[in-house]
Structures are given as structure tokens and as C-alpha cells.
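Report on the structure given below.
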Amino acid sequence: MQEPNIDPKLLKPYDPKETEDRIYKIWEESGFFNPDVCIEKGVTDKDATTFSMVLPPPNVTGTLHLGHAATLTIEDIMTRFARMQGKRTLWLPGTDHAAIATQSKVEKILEKEEGKRKTDLGREEFLKRVNKFAQESHDTIINQSKKMGASLDWSREAFTLDEKRNLAVRTAFKKMYGDGLIYRGHRIVNWDPKGQTVISDDEIVYEERKAKFYTFKYSKDFPISISTTRPETKVGDTAVAVNPKDERYTQYIGKTFTIEDFCGVKLEIKVVADDAVEKEFGTGALGVTPAHSQIDAEIAMRHNLPTKQVINEFAKMTVGDERILNKKTTEARLVIAEWLKSEGLLEKEEEVTQNISTAERTGGIIEPLPKLQWFINVNKPIADRNNKTLKELMLEAVRGGEINIIPDRFEKVYYNWIENLRDWCISRQIWYGHRIPVWYKSEEIYCGVEAPKEDGWIQDEDTLDTWFSSGLWTFSTLGWPDLNATDFKTYHPTNMLETGYDILFFWIARMILMSTYLIGEVPFKTVYLHGIVRDSQGRKMSKSLGNAMDPLDLTQKYGADAVRMSLIIGTGPGNDSKMSEDKIRAYKNYANKLWNITRFVLSSTENIKLDSSFNDYSDKDKELIKERHDLIVEITKEMDEYKFYIVGEKIYHYTWSRFADVILEESKEIFKNGTNEEKESRAQFLLDTLTKILKILHPFMPFVTEEIWSIMPIDNKKLLMVERWPETERS
RNA sequence: GCGCGCUUAGCUCAGUUGGUAGAGCAACUCAUUUACACUGAGAAGGUCGGGGGUUCAAGUCCCUCAGCGCGCACCA
């Protein structure tokens, strides 16, 4: 066939590498990622309904993985769809300083490359290193996000640790402190000996391990046997608790026994009755270690028992003689077990599996320790929130329907978490992060947005849990605490929050907490949760397994459009998905198919332009239009319901199996032997249908569609990214 | 212990309010320069995890069992 008047580009296979960076640049230069520019340039009405969403800020700990790529794709689809519907659309980017994660990463590098520890550098110098690392990670992340085609408004980019966000953090802290929601308290906390910091309950990861479960008596004269997996903590025991209904032990309740020598330590053990003790568990008697167990501390509080700390911040013993003093807890455990055996006190030694608490970021084994820390009280009634507690505010936002979670089964998970929620420990003994806005001067404490003016005040050394600043993200990025900021007034509450279900508690719950409390409105109306991207065998991708697929490599090899499609199709909300190169290859082929469809349509309709007022369709084409119209109605409905995985499949199927394999094939016959009317009708139909396919496909495969759009014979074209979604009312 | 999810073709997954099973990939047969080999046509492949129930009708609803996975709690 002759190929007159057709872009020579089409004569070669589609080349994403040549196309994608060029197209992204055109988009960026158009300014259309920014809704203000869209209004200025007249592609969006000033009073159009808004669609706003924040990007879950990636941690500045390195590079993006496929999970980020999935997030970017799903959200870009939402954003481009909204923009093409004419909405005032804002998708706001940013990055997260990720306090502990970033700091420990830099510590590792420092150790490996220079053999130094952070204390060798000092706070200021170490922070310089962290900032440098964070900046480099940031640049990589931004670059990768652009490669994925993300239509983010870079003019509004934010960082959880920049000046504006710091003001928001200090303002929020001050208000919570003023309302008595933030308090400083001496409590049993989760101490991470490896990271040398406290962490919150949610930062604990449980790992199943085998352990020895020892049953023994403190001494030959002691009447009650107890059981434990941690004999070394028993040197800190101050009581034995039994169930009040347990007849075996009633005679001892209230008595105090002195054990002169428990592996070199003198113990005073009082027998108390407490409902928390289960009769059936172990011997039915519990050795109470108030300093090193949350439950025991609670029992101790109820019975006014003394607390005796026997383990320090390095998980080493602080009492006893040379046998255990300064030994690690794991070593002391064996020493005491041996001692019990040799004294004839050990009655039983069993192998059990137990859940061991480890720190999410460092992997360190958590040591419960009593410490003075900052907490958020989740059970205190708040006067200007109708005396509701933070827990109640969080619960009601979802239960009352103001926030809708997709898939809805996660609402149950959310309620369950809130029911078990305890006060949130927000102080961290790390250097990288928002410094706590509290100052001390002898006995005085000052909390304020700014430092006190007089001399002699010393600021709290600790920083805040990274999730404190993330919790403010939907509004700290929009100008809050300035309540008159245009962005804040225009875009808050945001419409959508899309993220992985694994940070439902960490992030989503904390945003709801902060927003309902600080501004009295929900942070977002809909939460869409996606799953984890796994490898083709269903394993979590990780660097150590070596199965991590680098999104950048994949986009280089197959094109971003193909990677995007393969991340969407075959994945429903809330379900994990599996990734394989086969799948991506299939969608690379699809991009090329679309390219060739265009080549055929343009070369067989040469010199004809799309005529939007054309109406003389043949009967056959009218049928095809009806079919197409039904499909678009269906697809639009599914887009509104966030069923992108279904839409992607449907449009793929329609273009390939229906449009290319059937309609184009029969068009060959029409163009060869049909009447002029038939030819004209079919030419318009093909151009019109290709136009609509490009529009529907654009949110999914933005690069190839924008590129094809640029050579379509259509008058008064704008960029495809700001064209209107195909109308659904006309047939 | 409480709760959730999954189990459908060799693999990865769809299957919306119940109407006798679908897609991609892989494998098989054919076509051999066609808009496109990054292709087309065709055929094959499933007692929808097991059992029971409701119904005219169940992959879909209910009960139950099993395997896998996950969350929370416990973890003396």
C-alpha cells in the first residue's frame, strides 16, 4: 500500500524511549499539571468541581520500587481521568523525611564506608550527612516519578521536614499540648536497643521464634512455682500475681517472702491477687517484673508494688554479681537457667514458639523499659470537639460515613485497631526529624511555636515520630496553619487518598486523628487501598531476596505505558498482585498495536479530517456506534467506581479483538469496493473511534496516546491530557 | 483467642444484584510479508479446594471442613 501524507514516524515500530521523555517535557512546559494554569489557559472552568489528592510521600531512603510505581500509576489514572472530566484537579507531590528509616540508613553507610558512628560526627555534622543523602534520594525519586508519567503538580511540591511543614508541626504540637492531649510521662515503652530509641506500638513487627519456657521456684522455701521465657528479668521481680479465684494460692495472698540469694540478687516478693492472671496458663502464677513488662507494670500499679529496673538501654543487666552484671540479657538468661538447674529449682523446661517483638526499621529486639517520654492521649475528652476523645473522632469519621474506605472490609480492620489503641508515644531519641518544640529551664517547661526569648532555656533533645508530620500531610501541604490560604480553602478536605493497605494504621488513621482534631473536618472523603506488588512467585520483593524489579529498568526496556498497564490489570483494590516481565511485554506489544492501528486508519483515510458534525453514517456504522457507545457508558461508570483493572482490560480487548481484528479487517473491503457514502461513513467512524480510544486509554497509557494524538487529523486540538473524556450521552 | 482474605484452564487473575464458565501469558495446529511477526486464523485446556444446604437454577447465597496467606490480641 502507498503511504502518502502520513507521519513517517508511523512507518517504524513505536519507540517509547524516543517518545516518553519528550512528551513529559511537553506536559511540564504546558503547565497543565497545575490547576491554576488550567484555569488561566481556559481548559478548566474556575468554578469547576475540584478533585484533590496528595501523593503518599515516598521516603527519602533511596529509590522507588514497583510498589511506588503502582501507587503512581493508580493515582495518575485517577488524576488524568478527573482532569479530562474538566474538574479542577490537583495531585500534590512530596517526599517524607522518614526520620528513623533515613537516619539508620545513613548510619549504616557511615559505618560501612568510614567505619564511623554518628556520635563520632556529632549531631550537627551527622545531620548534614543525612540531609545530603536525603537530597540525593529526593532527586532520584522525582526523576523516577516523572519517568512513570505522573502528572503531579511539581510547583506545589512539599517535604515533611521543610520550613512550612515544620511550622505546621510546631503549631499542631502546641495546640495539643495546650489541650492536654500531649503529655510527658514515665511509662513502660518499647525500647529498641539497636536503634537506641523508643518506638510506637505500631512500629513493632512480631516474629515467630522458638524459645525455652522455664518453670521454677525462686528458692526452695518459696511456695509457688512460676514460668517464664525470660529468667533474666526475674531478678527484677517484686511480686507474684495469682488469680483471686485460684484456691491453690489463696493462703499466700498478701504475704511477702524474702529470697536472700536468687543468683546473687536479693528479692522481696509479695503475693498479690489480680484478675489479669489466668489460672490455666503455666502454673497459674505470674512473676511480676514491673520495670520490664507492660502488663506487669499495670499489675504493679494496681497493687502499689515497687519497680526495680534491672536492664539498661543496651539490653544489659544492671544488677547481680559477675555472673550476670553487664551481661547481655540473652547471656544472662542462660546463666540463670543454669543456676536454677544446679540449685534444683528448675522444674520444667519446654520448647515453645513465641512472638518476639522487633523494631520495624532496625530489626532490634524490643526491650520494654520504663522511660520519660512524650505521648498523645487518645482517651481524653476534648472540649471544643464536643468532649469527644481522639479515639471517638477517628471512629466516627469512618462509622458516620464521612470517609469511605475501599475495599470496605478494611473499615473493620480500622475499627479493630482503634479499639485496641493506646496512647501514642511520639518522642524519638534520634537526631533526624522535627525537634520537639518544648524548652526547659531548671524546673520550668515551655511549649511554643517559637523558642522562648529569654536566655537559659534548653530545647528537648528528642525528635518526633515521623508519622506525626505525615499525619498533617493533607493540610500542611495546602497552607495550614493559615486558614485563609487559597489552596487550603479550595482543596481541603481532599477527595481521595490512595495508598497501600499496609499503612492504614501508620498513616491513614493518623491523618484522620490530626485532621478531625485540628481542623474539625476529615482529611479525605474516600480511601482507596491497593495491595502489595509481589514477584511472579508471590514473594514480597526485597533487595535481600534479589527479586526486586527496578521500575526504571522496566520502563527503559518496555516503556512506561506498558509497565503502567501491567501494574493495573489483574489487580483489584486491597489484593496483592503479581508482576512478571511476560505481562509487561504483552502491553508493550499493545502499545505497538495501537501504533499500527493508527497507521492503518490514517493511511486509509488520507486527507480526511475528523468532522465532529458528520451525521451521514451507514446503517452498519450506526450499529458499531451503538456498540461503542454502550461500551463507553459502561467504562465511564466503572471509572467512577474506581474499577480501573476492568476498564483497562475492556479497552484493551475492544481495541485489539474488536476494532483491529474485526472492524479494520472489514473496512479494507469497504474502502476497496464500497460506495462513496459507505467509504465516507467508515472513514469518519474509524477516526472518531480511534479518537475515543485514545481518550479512554490516555489515563492508562498517557505517553503513546499523547504521541498519537499529536498526529491525528483533528482541528483545534489541545494536548490530549486536557481534552474531554468522551461524552456518554450522545450515541 | 478474635477477625479478614484467598483457593476458578499449566501459570497469573477476572467473573458486578444467582441464569449451565472468561481474559492475558505459556503450550498446540495452520497462515508467511500482511496496517502490525511487537502479526493473523483456529483448536485444545476447568466435576470453579472438599462436603452439605437454600433455589426451577449456585463459581456467586448459607453452613461446615481443609490448605495457604494476613491483621490484631496474647506471648507468665
Side-chain angles (χ1 to χ4, degrees), chain A residues 1 3 6 10-15 201-202 206 208-209 211 213-215 225-231 233-234 237 240-242 276-278 280-289 293-296 299 352-357 407 409-421 501-502 504-505 531-532 534 536-538 540 558-559 562 565-566 569-572 574-604 634 637-638 641 643 645-646 648-650 652-653 656-657 660-661 664-665 667-668:
Chain A
M1 190 194 290
E3 306 276 9
I6 170 172
L10 285 172
L11 301 178
K12 285 183 283 181
Y14 173 62
D15 179 9
D201 295 343
D202 298 282
Y206 295 101
E208 225 173 56
R209 293 208 188 152
F213 190 52
Y214 304 93
T215 301
S225 303
I226 56 159
S227 305
T228 184
T229 52
R230 299 199 57 188
T233 63
K234 299 292 104 183
D237 282 12
V240 162
V242 297
V277 182
E278 277 177 52
E280 285 74 28
F281 194 97
T283 63
L286 157 67
V288 182
T289 322
S293 157
Q294 182 78 44
I295 296 272
D296 293 11
I299 294 173
V352 291
T353 51
Q354 63 160 9
N355 277 333
I356 189 158
S357 308
R409 62 186 151 89
F410 281 101
E411 292 185 0
K412 259 192 192 171
V413 180
Y414 175 79
Y415 299 143
N416 183 253
W417 177 79
I418 292 177
E419 277 156 26
N420 293 311
L421 186 63
Y501 64 73
D502 51 332
L504 179 61
F505 308 142
I532 297 166
R534 298 171 181 276
S536 56
Q537 289 152 61
K540 234 176 167 167
Y558 302 103
M565 276 299 260
S566 61
I569 295 182
T571 71
N575 291 333
D576 294 352
S577 57
K578 289 173 193 168
M579 232 340 201
S580 68
E581 288 206 38
D582 277 347
K583 199 171 165 186
I584 307 174
R585 198 175 301 119
Y587 293 110
K588 178 182 171 25
N589 294 352
Y590 177 56
N592 191 57
K593 186 72 184 181
L594 197 65
W595 193 251
N596 278 295
I597 285 170
T598 308
R599 176 173 165 187
F600 177 83
V601 170
L602 295 193
S603 59
S604 53
E634 244 174 69
K637 182 167 172 276
E638 282 155 353
E641 293 165 352
K643 292 179 179 168
Y645 50 107
I646 292 176
E649 226 171 76
K650 276 191 180 161
Y652 174 91
H653 195 250
W656 201 314
S657 311
D661 290 348
L664 294 192
E665 286 307 318
S667 299
K668 288 176 186 171

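Letters A, B, ... mirror the listed sequences (proteins, then strands); counts begin at 1.
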Which nucleotide in [options] has an atom nearest any side-chain atom of [X]:
{"X": "A:N575", "options": "B:A23, B:G5, B:C75", "result": "B:G5"}
{"X": "A:N355", "options": "B:C25, B:A73, B:C36", "result": "B:A73"}
{"X": "A:S357", "options": "B:C25, B:G5, B:C75", "result": "B:C75"}
{"X": "A:R409", "options": "B:A73, B:G5, B:U39", "result": "B:G5"}
{"X": "A:V413", "options": "B:G71, B:A35, B:C72", "result": "B:G71"}

Going by heavy atoms in the side chains, are [X] and [Y] under 4.5 Å from each other?
{"X": "A:L594", "Y": "A:W656", "result": "no"}
{"X": "A:I569", "Y": "A:Y645", "result": "no"}
{"X": "A:D296", "Y": "A:L286", "result": "yes"}

[X] near the nucleic acid: base, sugar-phosphate alone, or nothing, with a heavy-atom cut-off under 4.0 Å?
{"X": "A:E638", "value": "nothing"}
{"X": "A:D296", "value": "nothing"}
{"X": "A:Y206", "value": "base"}
{"X": "A:V277", "value": "base"}
{"X": "A:D661", "value": "sugar-phosphate"}

Exercise for the section: Search all heavy atoms of A:A562 against all heavy atoms of A:K588 and return the closest pair with its distance. Expected result: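 Taking A:A562 first and A:K588 second, the nearest heavy atoms are CB-N, 3.5 Å.
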
[N] [atom2] sits how many Å from [X] [atom1], rounded?
{"X": "A:K637", "N": "B:U17", "atom1": "NZ", "atom2": "P", "result": "10 Å"}
{"X": "A:N589", "N": "B:C25", "atom1": "CG", "atom2": "P", "result": "8 Å"}
{"X": "A:E634", "N": "B:U17", "atom1": "CD", "atom2": "C1'", "result": "15 Å"}
{"X": "A:K412", "N": "B:C72", "atom1": "NZ", "atom2": "C1'", "result": "14 Å"}
{"X": "A:D201", "N": "B:A73", "atom1": "CG", "atom2": "P", "result": "7 Å"}

Problem - Nearest-angstrom distance, P atom, B:G10 to B:G69 - result: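 Between the two P atoms, the distance is 23 Å.
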
Problem - 5' priority, RNA chain B, between A:A660 and A:A285 [closest heavy atom] - result: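 On the 5' side of the pair lies A:A660.
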
Problem - Watson-Crick/G-U partner (both atom distances under 3.5 Å) of B:U16 - result: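 Answer to the pairing question: none, since B:U16 forms no Watson-Crick or G-U pair.
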
Handout entry: Donor-acceptor pair present, A:K593 side chain and B:C36 base, under 3.5 Å
Key =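 Yes, a donor-acceptor pair under 3.5 Å.
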
